Every structure is written in C-alpha cells, then in structure tokens.
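What follows is a short report on a single structure.
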Amino acid sequence: MDLSRLKFTKTHEWILVEGKKATIGVTDYAQHEMTDIVYAELPKTGQQVEAKQECATLESVKSVFSVYAPVPGRIIEVNEMVVSDPSRINSSPCDDGWLWKMDVKDEKESDSLMNLEQYNDFIHTKGQQK
Amino acid sequence: MIGHTDEERAKMLAEIGVSSFEELIQNVPESIRLPRISGFSSLTEQEICSYLTELENLNRKASDSICFLGAGAYDHYIPAVVDEICSRSEFVTAYTPYQAEASQGILQALFEFQTVVCELLGMEVANASLYDGASSLAEAVLLAARHTHRKKILISSTVHPLWREVVRTYLIGSGVELTEIPANEGVVDKNRIQELLTDSYAAVALQSPNFFGCLEDWSEVSSIVHNAGALFIAITNPLASGILKSPGDWGADIAVCEGQPLGIPLSFGGPYLGILAVKQELMRQIPGRIVGMTKDVNGKRAFTLTLQTREQHIRRARATSNICMSQTLMALSALVYLCAVGKKGIHEVGMMNIERSHTARDRICAVDGWKAMFSQPFFNEFVVRCPGDPLKLAEYLSTRGIIGGLPLASYYSEPEYKNGVLFCATEKNTAANIDKLVSTLRECT
Amino acid sequence: MSKQDISLIFEDSRPGRRALRFQEVDNKWLGEIPAGLRRGHPPELPEVTELEIARHFTRLSQRNFNIDANFYPLGSCTMKYNPKVLERAARKKEFISLHPLTVPSVVQGCLRIYAETEECLKQICGMDAFSLQPAAGAQGELTGVKICRAYFESRGENRKKIIIPDTAHGTNPASAALTGYQVIEAKSDKHGILNPERLKQVMDKDVALIMITNPNTLGLFEEHILEISRIAHEAGALVYMDGANMNALLGIARPGDMGVDMLHLNLHKTFGSPHGSGGPGSGPLGVKNFLKDYLPVPVVTKKGDDYVFDWGLKHSIGRVHSFYGNFLVILRAFVWLKMVGSDGLRQISEAAIVNANYLKAKVRELLEVPYDSQCMHEFVASAVSLKQFGVRTLDIAKRLLDFGIHPPTIYFPLIVHEALMIEPTESESPETLDEFVSCLRQIISEAHNSPEVLTGSPHNMPVGRVDETYAARNPVLRWTSKS
C-alpha cells in the first residue's frame, strides 16, 4: 500500500478514498500498541454510520480497542479474512488487514484529516509525551 | 491470626519511620476515627467450638431428619472421595487462576468440568460456573436479549418460582420484560408458546423436570422458537441428564442448571453451582470465566483463562456481565462427583431415583385421602393432594423427623394447586425411610 | 511440584472402569419414563477407578499455588490466612446437611448465625441492615445498584447517571451499565484521590449514585470522603461504597460515619473465608435505614425468642439468589468474627496497615511508588523504570513465581502504568515480607544484567509462560476425543 494515498485520524484509523468509495483500517502504530490481536468484531453491511462513531472493536488478550468511522457513510463490505485470522491486522494493517469498505456521501469529508506527514508528526509527538 | 508480635511491630514502625501507629492513619479525618467497637469480644478456638455446639444443637433435629424435599435442592449421596479432594487446602485456599503458570491444577480441572458439562447437557461450550441455577437463568435471559436485540422473554410458569423472582430482579433497569406461559396438567402449555411468541421475543425459557417434578415433552419447541428468530433456553437437572434427553438433543441454544445435585451438600441453600452452556455461535456472549487449552512457550500443553475481554475487568461498562468470582470449588466437586459416578454410575443413580420416588408416590397415594395431582412422568419429584391443611403439613412432619411436603400454595395462587404438596425421593431414601413417611402421613390424616 | 505431564481424566478413561457403584434397580422402572423423553446414548463421562481419581486430582492440586503454601500479596484481594477451625465448622453435619426449605423452627441454629453475623457487620460498618443473600461482591454491587434504581423510581425521580472513579474495580461500571445507567467517570487528582471540586463539576440532579472504594485501589484513604458524601447528598444522590478494602478500616473507621448509604463486603476477603480457587464467596450488602425496605427477601428477624424469615419488606427488589445466599461461607465468616471479636478487629487492620507500610518503605527503594502519600493496607508500585531494559510488570510477575511467591495484582488500577498492587495482609510475618523484598531486589538486578531471564520466566514452574494469544485466537474450551 502506498501510504501517501491515505488519510489518517487522531484515533489511528487510515482511510483510502477512491471516488465515492473508501477503505478503512488501523495504522501500523495502532496495531503495535494493541499487541497481538485475537478477535475483530466488524460492523454489519448496510449500516449507516456517522463520523467518529464506533464501528468495530479489536481485542487483544487483555484489552479492547474501539475503531471509529473517519467519515460518515454506509458500510458496504467487511473483511471476513480478519475475523477468521485476526493476526493479519498485526502483520499487514494497511493491506490485507483492512477492516471495512464504505460508500462515502461526500469525498471532501476526508480533506480535513491528516496526511502521512502530519500523521507521522502526530505519533512522534505523542510518543515523546509518553 | 496476626503475623507479628507487639515487639516486632515496634521495630517495623521504626523502619517505616514513624513513632506510633496513629501516624499511619493521619489521613482518616479525626471526626470519624473510632476509639473502640463495643459489642462482642473475642473467643479462643476452643470457646468458638463450644459456642458452635450450642448452635448445632438447635439444628440437630433437622440434621437427624429424613429428607423428602427437593424444590431446587436435593439430598444425594456424596462419595467420600469428593469430600477428600475438595477439602485439600491446595484447592480451598488458592486464588482465582489469573496467573496461569501457578494454577495449572485448577485450570485443568475447570477445563475438565466444562467438558463433562457439555457431555451431560449435549451442548458445545460451557463456562467455568456461575453463582447458582437462578442467577444462571438470569444471565441466560440477558444473553438472549443482547444477542437478538429484543426485549421480551417468554418463561414457563412451571419454572422454579424462586428462580423467576431472581430473573425479575436481575431485569430491573434493563428494559427487558418477562411474560409467563401458563401450565396445563402440570406441564407448560405448548400451544400457548406458539400463540404468544412474536418477533419481539428474545427467548423462550422452559424447565424439565419442572418445579412440580413433571417431565415436559419439548418436541417441536425448538423449531417453533427458532422460526420466530428467538433462542431456546432449557433448564434441567444435571443428575437426571444421565437418563433424560439432554437440552442439546432438544435443540436448545442455552442450557441452564443448578449443579447442586452433583456432589454438593444441601448446605442450607448455598454455596451451590450455576451451570450455563451454549451452542458454539453464542461462545463470545457467554458470561463468566472460561478456561481454554493452549500451549506454553515450549509447546507443552497448558490451560488458561481465556476470552477474558468479555469480562468486567477489561470491558468494564460493556462487559457481558458484572460477574467476577464464580463457584470454582463447587465446580470441582461436581467434576469429581461425575468422575466417581462415571458413565455407568450416572445411569444407576438415576434409576435409583426413579425407583425410589415412584415407589414413594405409589405408597403415599395408597393412603386414604392422598392422590397424585398430575399424571405426567416424573424423575424424582412429584406433587400429591393433601387431604388436610397443606400449610400445616411440613411443620407436622418436621416434628416427626421428616423434611418434606412443601405446599404449592406458598408459590402459586391458582386454586387448582391449593392442596398440592411437593415431595422428593432420591437414592438416599431407603425403604425404611419410605415406610416411616407413609405411616406418618397415615397418622396425620 | 511435579513437572511430569498430567493427562486429562478423559485420557485416563478406559471402558468398564468404575469408582462408585450404586444398588441395582430393576430395569422395568425405566418404563416410567417415555422413550421420547430419554436420552438415546449415555453421556461420555470418564470411566476411571477411585485410585485414578485420587491420583489425578492430588497431582493437580500439587500444581496449584495456595495460601497455605505461598505468599499472595494480591492487592484488593486480601489473601489472608484462612483458619482451619472455619473448615471444621463448615463440615459439621448440623450445618451442611440442611435443606434450605426446612421449617425455620428446627433450623434455629442457621437463622441465629444469619442474625448474629448481620449484627456484627452492622456494628463494624455503622450500617443499619444487611442482606447476606448476594453470593459475591459483584452480586452485592448489582443488588445495591438495583436498590438505587428502585429507590428513585418510588420517588418518581428518573435519574440516569452513576459517577465512578477512574480507579474503580471493573465490576462497578459493569453493574451500573447492567441496570441501564450511564457511567460518568470521575478522575482522581494528582494525589490519587477524589477531589470535591472536580466532583461538583459532574454532580447534578441526574446523578443517582456515586460508587466509591475507600480506601481506594491505590490503597489511599479518600480524605475528602465527608465532603464528597455531602456533595452527593445535596444533589439528592446516594453514596455506594465498594467494601473490598475493608481490611484497612476494621475498628478504625466506619463507612456509615462517612456518609455511605450502601456498601458491600467480601466475606472471602476481609472476613477469613477462603477463596476456593475462584469461589464460592459471599458479598453482603449493607444499607442505611431509609433503604432497609428495598433489601432482597427474606431477611432474618427475631420474633420473641425465635428467629424467623421476614418476607414483608415493602419495597423489596426481590431476590438475587435461589435461597438465602452462601450459608457455609457466611458460617465461616461468623466463626472468624467471633474469634476475632471487637477488640481483635482493630488489631487486624492495624497489622495489615503496618505490614503494607513496612513493605512500601522497602519496595520504594527498588520501584517507583507514584502516589506516595500515606497508604493503608495496600499500595501501588510501578515498574515503568524497567521498560528501558525491555522488562515489563508481567515479566516481574512471572519471575516471582519461580521464587514461590504469587505476584501482586498487576496492571490495575488503570491510572498507573506497569502497576503492581501489593497487599500483604495482617497474616504474614516480617521474614516473609523481607523475603519478598529480597526477591524483588534480585529481579531488578536481573532486569539490569540479564533481562532475558525475566522475559523468559517462569523457569521453575510445571509449565513455561502460557500462550494466551493462541488460546484466544483458537478457543478450545473442552476436550473431545479428537483433541
């Protein structure tokens, strides 16, 4: 995956917008923080979601992480592969480990999100604050 | 009970760097600090044993009595090996097995318990125990509501009345409502299930053997329930499951039991053992602890608590339940019991229960004025019509050294149950016991 | 402890082997059960001899840490010694063989135990009534939250929120959510305790309850408790106390004097009843007078010279247990309470507090104690300083096992990174505490010099570090003949 094509949220989701369709997943930083993911609970297809609405949860052995919709829209497909093999999210968070695809109402909604450089700055400063 | 002497404490305080104990509680506001609690003073171990003897004396008549009572708690023979193993301090004084490497003993035992429960009940996944049968039913109801996103439950009026009360209490504030299915001739009125069931119902909960002791025929129930998109919750007696058709065989999605009949003494009501088992697809919805098999870093077989992300210590407000502790030691008792009884023994003990209870029922009904209330098949409990005042019977029997004759009127207000009394006979009730019961009933009529 | 593999009991099973036999019964009796109601094939229960059972479970027991053999400084669990006389009492036929629905006149011994235990707990806590029905602390909490709901409903008030500190045990928000409440988190201040000013910001007339733990899960006494209760009561809200940490307060202060309206206790923590590897426990719920009528029924009261069950509580929320709660656990606590006595209670808490402070004074030389004000019966350390060596609290915990010490509570409370919550209890000797410290000292030295010893631990246990990820990804929750 060419990361420069992606936009990023402060809650560590990435979004790839292609016309009126988008693919969403969690970033490499996120999967590293979560450690081994053991289970993924994905949204239902057809579901309408708002921006920042919790759509999915990822579980490690000791924790649960919420995944939020970066933009509003309708879920059109979920990645069943990560349900049967959650380790994909760890090994390939921006490729095989994608979580869901959605119709986006307005492709401009993602303009306000961070680009790769901004996201890298964001996690760098976050890391220092720890 | 305290690990140090006064002299040792003085040294410890010095090492802490304070001159008196009071310095350690300076954050406690003075206005609420206590000088002393008055009221009861300490006893030596010897004195407490004497005091307990006084209390034991008050119970002796009851503990020497013959038990002919069931109603959710059963007097069964407990093999000596169960007591020996379950009183080992390695099991009694251990903590919850969160540190898997230090708890392989109990973890493996719980894994074995989960397995025997699945075998007995014909289900695919069981948890490592809940508090008791009643709260397990409540958890099953909440599970069904969560899973189906529906807010109504159909529950048979033949389900244990005290369990239904517990479910009602658990549902306070949940928005989930209970609707009762009426009974007919001592069993749930199956026709009414079809009539009452709509797509607002999350589950149908039935019990067999039911509170009256009657066995219910659940043919077609699971298809009716599943066609409505609801779950079938089946409550049963795990001891009877050695002979009776299992919840799994009936097509149940969730099986609930009170596990007390399996090697756990009557204990004046507790601790008992909540058993909950489900079909595979409900695995992640199940409350309570679950043990899974895995391996260690060297590839060796090992056991661990798993799927913990359902639980309160991780999900907190979004947990499947708030349950933290379970009844591990009682689960161990049930497991050892089932191993001691074994594949053949569970059938034998079941047969003895059938024989004793049917003999008792027939002999009671041979006494003038006494009649069976229902003509349904039963396992070890039955209702008979009492010719006298049913509310006075139990007290009278207890003066004669017999525990039994629970009046249905204590739990059901319908006039048809008015003079019904519940009796139970298990493998522990000898022929002589039954003689005594019968002659006592003959005298009181 | 034996390192040999222990087979599953099903693997030992052989057709035809048996332990117990029962008297034979004529097969004709099976005819009483219609064929359609009988199971088609017998359940696959183990077929083993009694020797195999005895050996199997004895060997399993040898793979279990337990208080009798090991020190358990588990914060908030109060793993104190369980006196054996409690077990002797709980095995007496006159207690163990009684059916719960026996007429009360012949089980006065049991009813007296209920009544006297309730009385003791009332005095200790400064509360007006107790229900002994809840079978565990979490169930006690649930009962309390249900009572809260019923109370406000009867007043026609539709309050929707419950305030819970960020240091609270997970059962608190779970109990609240299960009863349809919205959970509002109250953040502890820089001293690790609740701040009245911050509380005022979230308190309003929509709050039904504030759930606190005192001392809190950092082992710190909530100094502002009187002000906190006042703020809650002024807004018409109730105050609930999680009594898990009662071991710090016995004979020292009473929750009832702190403005607490409801609390639960853990008889298997503070009051000597053993943990049973994860139950049974008992979680009595105590209330002030104005909530008495909401308690689960029945309660035990005195009528003349006799004790009776009282079912007539006007607003009772119903029942949480099929019968009266875990009687044999209550019996054990009763025996413990009688042995300790009122004068002994304070000594218990004082010793628990001295032991915790003694341990803290030594541990803080080795690990950071982030909230370092006066702790009570437990304190929280952090192993964050060892992260630079690639060592985490989990590794320290697993290495302690090699020394025969059960680790403290780890990764709780959530507000401390790499937390270790340490509670020695009053039972332990200074030598045991010193030994713990010297093990910790060795572990820290290993962190500096050979961290792989820690990350690869435990080394001396029957199994190495268990793969929990594998267990969660591939759940195998029962044995099958194909396993």
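Please read these numbers as outputs of a predicted model, since none were measured by experiment.
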- Query: Would you say the side-chain atoms of C:Ser322 and B:Asp132 include a donor-acceptor pair closer than 3.5 Å?
  - Reply: yes
- Message: Using heavy-atom distances under 4.5 Å, tell me whether B:Val125 contacts chain C through its side chain, its backbone, both, or neither.
- Response: side chain
- With C:Arg17, which residues qualify under salt bridge (Lys or Arg N to Asp or Glu O under 4.0 Å), at least two apart? C:Glu52
- Query: Side chain, backbone, both or neither: which part of B:Ser31 has a non-hydrogen atom closer than 4.5 Å to chain C?
  - Reply: side chain
- Message: Keeping B:His358 on the side-chain end and C:Glu32 on the backbone end, is there a donor-acceptor pair under 3.5 Å?
- Response: no
- Would you check, one step at a time, whether the test side chain to side chain donor-acceptor pair (under 3.5 Å) holds for C:Ser105 with B:Glu395? CA-CA 8 Å; C:Ser105 56; B:Glu395 187 82 45; 2.7 Å; yes
- Task: Please look at C:Ala351 and chain B and tell me whether the side chain, the backbone, both or neither of the residue comes under 4.5 angstrom of a heavy atom of that chain.
- Result: both
- Message: Walk me through whether C:Leu60 and B:Phe91 qualify under side chain to side chain contact (heavy atoms under 4.5 Å, CB included).
- Response: CA-CA 9 Å; C:Leu60 285 182; B:Phe91 289 127; 4.2 Å; yes
- Task: Start with the C-alpha gap between B:Glu119 and C:Arg478, add the side-chain angles, then the distance that decides, and say whether salt bridge (charged side-chain N to carboxylate O under 4.0 Å, His left out) holds.
- Result: CA-CA 10 Å; B:Glu119 261 310 307; C:Arg478 60 158 292 174; 3.2 Å; yes
- Query: At a heavy-atom separation under 4.5 Å, does B:Ile85 approach chain C through its side chain, its backbone, both, or neither?
  - Reply: side chain
- Side chain, backbone, both or neither: which part of C:Leu74 has an atom under 4.5 Å from a heavy atom of chain B? side chain
- Message: Do the side chains of C:Arg465 and B:Glu101 get close enough for a salt bridge, i.e. N-O under 4.0 angstrom?
- Response: no
- Query: Taking only residues two or more places apart in sequence, or in another chain, which ones meet B:Lys11 in a salt bridge (Lys or Arg N to Asp or Glu O under 4.0 Å)?
  - Reply: none
- Is chain C contacted by the side chain of B:Phe21, its backbone, both, or neither, given a heavy-atom distance below 4.5 Å? side chain
- Against chain C, label B:Cys339 side chain, backbone, both or neither, depending on which of its atoms sit under 4.5 Å from a heavy atom there. both
- Task: For the pair C:Phe57 and B:Leu332, evaluate side chain to side chain contact (heavy atoms under 4.5 Å, CB included) and give the outcome as yes or no after the intermediate values.
- Result: CA-CA 10 Å; C:Phe57 289 101; B:Leu332 180 66; 4.0 Å; yes
- Query: Is a side-chain N or O of B:Glu112 found less than 3.5 angstrom from the main chain of C:Ile9, in a donor-acceptor match?
  - Reply: yes
- Message: With a 3.5 Å distance limit and no angle check, can you tell me whether B:Lys61 reaches the backbone of C:Val106 through a side-chain donor-acceptor pair?
- Response: no
- Message: At a 4.5 Å cut-off on heavy atoms, which part of B:Leu52 comes close to chain C: side chain, backbone, both, or neither?
- Response: both
- Proximal component of B:Gln104, with respect to chain C [non-hydrogen, under 4.5 Å]: both
- Message: Is C:Met339 in contact with chain B via its backbone, its side chain, both, or neither, using a 4.5 Å heavy-atom distance?
- Response: both
- Task: Sort C:Ala361 into side chain, backbone, both or neither according to what part of it lies under 4.5 angstrom from a heavy atom of chain B.
- Result: side chain
- Message: For the backbone of C:Ala471 and the side chain of B:Lys295, can you confirm whether one donor and one acceptor N or O come within less than 3.5 Å of each other?
- Response: no
- Message: Quick check: do C:Ser429 and B:His4 have side-chain heavy atoms less than 4.5 Å from each other?
- Response: no
- Is chain C contacted by the side chain of B:Ser135, its backbone, both, or neither, given a heavy-atom distance below 4.5 Å? side chain
- Check whether any side-chain N or O of B:Gln114 sits under 3.5 Å from a backbone N or O of C:Leu477 as a donor-acceptor pair, and report yes or no. yes
- Message: Quick check on C:Tyr181 against chain B: is it the side chain, the backbone, both or neither that has a heavy atom closer than 4.5 Å?
- Response: neither
- Would B:Ser103 and C:Asn64 satisfy side chain to side chain contact (heavy atoms under 4.5 Å, CB included), going step by step from the backbone distance to the final call? CA-CA 5 Å; B:Ser103 323; C:Asn64 242 31; 4.2 Å; yes
- Message: Measuring from atom CD1 of C:Ile96 to atom OG of B:Ser63, what distance do you get when rounded to the nearest 0.5 angstrom?
- Response: 11.5 Å
- In terms of heavy-atom proximity below 4.5 Å to chain B, should C:Asp68 be classed as side chain, backbone, both, or neither? both
- Item | Pair C:Gln139-B:Tyr170, side-chain donor/acceptor within less than 3.5 Å | yes
- Message: Using 30° and 60° as the class boundaries, would you call the ring planes of C:His321 and B:Tyr272 parallel, tilted or perpendicular?
- Response: tilted
- Message: Does any backbone or side-chain atom of C:Asn27 lie under 4.5 Å from a heavy atom of chain B? Answer side chain, backbone, both or neither.
- Response: both
- Under 4.5 Å from any heavy atom of chain B - which part of C:Gln374: both
- Message: What I want to find out is whether B:Glu348 reaches C:Arg18 closely enough, with some N-O distance under 4.0 Å, to be called a salt bridge.
- Response: yes
- Counting only heavy atoms closer than 4.5 Å, note whether C:Lys362 contacts chain B via side chain, backbone, both or neither. side chain
- Max heavy-atom pair count under 4.5 Å with chain C, selected residue of B:Asp249, B:Asn298, B:Leu120: B:Leu120
- Any side-chain donor-acceptor pair under 3.5 Å between C:Glu468 and B:Thr294? no
- What part of C:Ala472 is in contact with chain B, defined as an atom under 4.5 angstrom from a non-hydrogen atom: side chain, backbone, both or neither? both
- Are any side-chain N or O atoms of B:Asn59 and backbone N or O atoms of C:Gly109, one a donor and one an acceptor, separated by less than 3.5 Å? yes
- Query: Does a sphere of radius 6.0 Å around CZ in C:Arg88 hold more than 12 heavy atoms from other residues, nucleotides or ligands, not counting ones at 6.0 Å or beyond?
  - Reply: no
- Task: Show the numbers, then the answer: is there a side chain to side chain contact (heavy atoms under 4.5 Å, CB included) between B:Tyr131 and C:Val320?
- Result: CA-CA 10 Å; B:Tyr131 307 128; C:Val320 295; over 6 Å; no
- Heavy-atom pair of closest approach, residues C:Leu37 and B:Asp217: CD2-CA, 3.8 Å
- Item | Side chain proximity check, C:Leu178 to B:Ser174, heavy atoms < 4.5 angstrom | no
- Can you say whether B:Leu24 sits under 4.5 Å from chain C via the side chain, the backbone, both, or neither, judging by heavy atoms? both
- Item | Side chain, backbone, both or neither of B:Ile106 within contact of chain C (heavy atoms, under 4.5 Å) | both
- chain B contact via C:Leu401 - which portion, at a heavy-atom distance below 4.5 Å: side chain
- Task: Would you please say whether a donor-acceptor pair under 3.5 Å links the side chains of C:Ser61 and B:Arg88?
- Result: yes
- Message: Apply salt bridge (charged side-chain N to carboxylate O under 4.0 Å, His left out) to residues B:Arg9 and C:Glu350 and explain how you reach the verdict.
- Response: CA-CA 10 Å; B:Arg9 178 188 294 200; C:Glu350 283 192 11; 2.8 Å; yes
- Task: With a 4.5 angstrom heavy-atom cut-off, could you sort out which part of C:Lys92 is near chain B: side chain, backbone, both or neither?
- Result: side chain
- B:Leu69 versus chain C, the contacting section by heavy-atom distance below 4.5 Å: both
- Where on C:Phe95 is there a heavy atom nearer than 4.5 Å to chain B: the side chain, the backbone, both, or neither? both
- Message: What part of B:Glu84 gets within 4.5 angstrom of chain C, counting heavy atoms only: side chain, backbone, both, or neither?
- Response: neither
- Task: Measure distances from B:Phe378 to the heavy atoms of chain C and classify the residue's part below 4.5 Å as side chain, backbone, both or neither.
- Result: backbone
- Side chain / backbone / both / neither for C:Gln108 at chain B, heavy atoms under 4.5 Å: both
